[in-house]
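Reviewing the structure listed below.
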Amino acid sequence: MTTEGADIRGDVLESILSHVPLIHILPASHVSKSWNHAVFSSLRYVSRPKPWLFLHCQNSRPPYASSSSFAYDPRSNHWLRIHNKNPSHQYASAIRSSSNSTLLYMLSPSKFSFSFDPFHLTWHHVDPPLVWRTDPAVAMVGRHVIVAGGACDFEDDPLSVEIYDLDARRWDACDAMPAILKDSAASAWLSVASSSKTLYVMEQVSGVTYSFDPTSRIWSGPLDLRHDENIFFSVIGIFGDNLVLVGLLGNSENVKDVKVWEVKGKSFEILEEIGIMPKELVEKLKGEDASINSIKISCTGDFLYIYNPREPEELVMCEIGGEGICRWGSLKNPAVSDRSRVAEKMVLTSADVGLGDIGKAAESGKVRFSICE
């Protein structure tokens, strides 16, 4: 910052700051009282912070070292590289994420590790669940981490459910998942979404959906969210405060449309279409393979990110504005290279990020940021 620059004031300064990435706005807020006022006025009235998308890459084989992390800030339209200077944990197992949240976790026979702050500065290391699992559905609901299904073949109940209470710091077993999910009780076959009070679990192929209340420990359902017979694959998420369904229509060799619906009604009987992906973005999602067998999503607030796990070079973004108006776009995935497609796996999280989160990350000394060219 130069002395001459400090003379810029008022609306002009606020307009300039609206184009500056958050990682650079933080030091700008310390220039002077007038600049501090301009920073927070710009963030409040000119260009509000928007939820960030995070990409976490890891070697796909032991020792599972973390290789790179990236973040996309839609407010400034910049990709950032996150350099982890002092890892606070060891990657003893494969890293995984829970859709529609900040939750990252790792599960091994000796430990369950998880982190849910935006930049994953703090990791919690606890005893593993009592039932050994290889591919469970995991989600955070309020102050509970729910681990469901995915049990090993030698376990008695493949549908068993356990809850870790963050306040009591203990595991509790509860009623198993519904029996109809016996052949699909693993994260590979299920789509999971969680609000502050409820967990939703849906079979990606059939659309059969159940909800779970960690307070009452009761499963409810089944619900049929497939109101369009042309849907052959779907996933669910929490968009704002509502449950949404993202579906592929047609078949894997000929995906005709990708649509987004808001699920409404006490029994989720209403499916209201709120967005349809432009054809050119559907083609980008297909990639070189020209087909889509499945999709994965990450969403926070009014932002939804969709990608094809077999062709992850392009990420499709959907922002739902006022009156249900969708703004679509695509992002080049900075984590993908010829080497990483073979040797690395990628998981996504998303989170609301503000200046306070940037400041906490900077003060921790654990990470630093650089803008991707």
Beyond-backbone contact of Val131 with Asp157, side-chain heavy atoms, under 4.5 angstrom: no
Would you say the side chains of Thr198 and Ser211 form a donor-acceptor pair under 3.5 Å? no
Flag yes if Phe212 and Ile218 sit in one hydrophobic cluster, no otherwise; membership is Ile, Leu, Val, Met, Phe, Trp, Tyr, and two members link when side-chain heavy atoms are under 4.5 Å apart. no
Does the side chain to side chain contact (heavy atoms under 4.5 Å, CB included) test come out yes or no for Ile238 and Leu243, once each step is laid out? CA-CA 5 Å; Ile238 300 295; Leu243 185 67; 4.0 Å; yes
Are any side-chain N or O atoms of Trp132 and backbone N or O atoms of Pro109, one a donor and one an acceptor, separated by less than 3.5 Å? no
Met346 side chain reached by Tyr307 side chain, heavy atoms, under 4.5 Å: yes
Verify, without hydrogens or angle tests, whether Asn84 (side chain) and Val367 (backbone) share a donor-acceptor contact under 3.5 angstrom. no
Using side chain to side chain contact (heavy atoms under 4.5 Å, CB included), reason through Tyr200 and Leu223 one step at a time and then give a plain yes or no. CA-CA 10 Å; Tyr200 301 95; Leu223 306 169; 5.7 Å; no
In the structure I gave you, are the side-chain heavy atoms of Trp261 and Leu225 within less than 4.5 Å of one another anywhere? no
Under 3.5 Å, is there a donor-acceptor pair between the side chain of His120 and the main chain of Thr102? yes
For Arg44, does the CZ atom have more than 12 heavy-atom neighbours from other residues, nucleotides or ligands under 6.0 Å away? no
Do Val145 and Phe116 come close enough that some side-chain heavy atom pair is under 4.5 Å? no
Between Asp135 and Arg96, is there a side-chain N and carboxylate O pair less than 4.0 Å apart? yes
Per the side-chain contact (heavy atoms from CB on, under 4.5 Å) rule, which among Ile146, Leu199, Asp175 passes with Val161? Ile146
Hey, could you give me the OG/OH distance between Ser298 and Tyr305, rounded to the nearest 0.5 Å? 8.5 Å
Under the ring-ring contact (aromatic ring centres under 6.0 Å, His included) criterion, do Phe114 and Phe112 qualify, and how do the steps go? CA-CA 7 Å; Phe114 60 95; Phe112 179 62; 5.4 Å; yes
Centroid-centroid under 6.0 Å between Tyr105 and Tyr164 rings: no
Tell me if the CH2 atom of Trp189 is crowded by more than 12 foreign heavy atoms within 6.0 Å. no
In the single-linkage hydrophobic clustering (I, L, V, M, F, W, Y; side-chain heavy atoms under 4.5 Å), do Phe40 and Ile25 co-cluster? yes
Presence of salt bridge, Lys332 and Glu314, under 4.0 angstrom: yes
Would you kindly confirm whether Met317 and Leu55 end up in one hydrophobic cluster when ILVMFWY residues are joined by side chain heavy atoms under 4.5 Å apart? yes
Step by step, would you call Ile295 with Leu248 a side chain to side chain contact (heavy atoms under 4.5 Å, CB included)? CA-CA 8 Å; Ile295 55 172; Leu248 302 180; 3.8 Å; yes
Donor-acceptor pair, side chain of Arg133 and main chain of Ser160, under 3.5 angstrom: yes
Test log, rule side chain to side chain contact (heavy atoms under 4.5 Å, CB included), inputs Ile82 and Phe369: CA-CA 5 Å; Ile82 303 174; Phe369 307 97; 4.0 Å; yes
More than 12 non-hydrogen atoms from neighbouring residues, nucleotides or ligands closer than 6.0 Å to CD on Glu229, yes or no? no
Min side-chain heavy-atom separation Ser234-Ser191 under 4.5 Å: no
Please assess Glu363 against Lys360 for the test salt bridge (Lys or Arg N to Asp or Glu O under 4.0 Å), listing each intermediate value before the final yes or no. CA-CA 5 Å; Glu363 292 172 3; Lys360 185 176 180 180; over 6 Å; no
Can you find a pair of side-chain heavy atoms, one from Ile23 and one from Ile371, that are under 4.5 Å apart? yes
Quick one, Leu271 and Asp228 - any side-chain contact, counting heavy atoms below 4.5 Å? no
Strictly distance-based, threshold 3.5 Å: is any side-chain N or O of Asn308 a donor or acceptor partner for the main-chain N or O of Leu285? yes
Glu262 CD to Ile274 CD1 distance, which is reported to the nearest 0.5 Å: 5.5 Å
For residues Asn77 and Tyr72, is any side-chain donor paired with an opposing acceptor at under 3.5 Å? yes
Calculate, to the nearest 0.5 Å, the distance between atoms CD and NZ belonging to Glu280 and Lys284 respectively. 8.0 Å
Decide yes or no for Val235 and Lys296: does some side-chain heavy atom of the first lie under 4.5 Å from some side-chain heavy atom of the second? no
At what distance, to the nearest 0.5 angstrom, does CG of Leu103 lie from OG1 of Thr349? 9.0 Å
Are more than 12 heavy atoms from other residues, nucleotides or ligands located less than 6.0 Å from atom CZ of Arg48? no
Is Val205 reachable from Met202 through a run of I, L, V, M, F, W or Y residues, each pair having side-chain heavy atoms under 4.5 Å apart? no
Can you check whether Pro21's main-chain N or O pairs, donor with acceptor, with Arg75's side chain at less than 3.5 Å? no
Ignoring hydrogens and angles, write down the donor-acceptor pairs under 3.5 Å from the side chains of residues 351-358, residues two or more places apart or on other chains.
from: Asp357; atom 1: OD2; to: Gly354; atom 2: N; distance (Å): 2.9

For Glu203, run the side-chain contact (heavy atoms from CB on, under 4.5 Å) check against Asp183, Ile180, Leu190 and tell me which one passes. Leu190
With a cut-off of 6.0 Å (strictly less than), are more than 12 heavy atoms of other residues, nucleotides or ligands near NE2 of His124? yes
Report the distance from atom CD of Glu253 to atom NZ of Lys286, rounding to the nearest 0.5 Å. 9.5 Å
In terms of hydrophobic clusters joined by side-chain contacts under 4.5 Å, are Leu348 and Phe70 together? yes
Parallel, tilted or perpendicular, judged at 30° and 60°: which one describes the rings of Phe54 and Trp52? tilted
Would you compute the distance between atom CZ of Arg226 and atom OG1 of Thr209 and round it to the nearest 0.5 angstrom? 8.5 Å
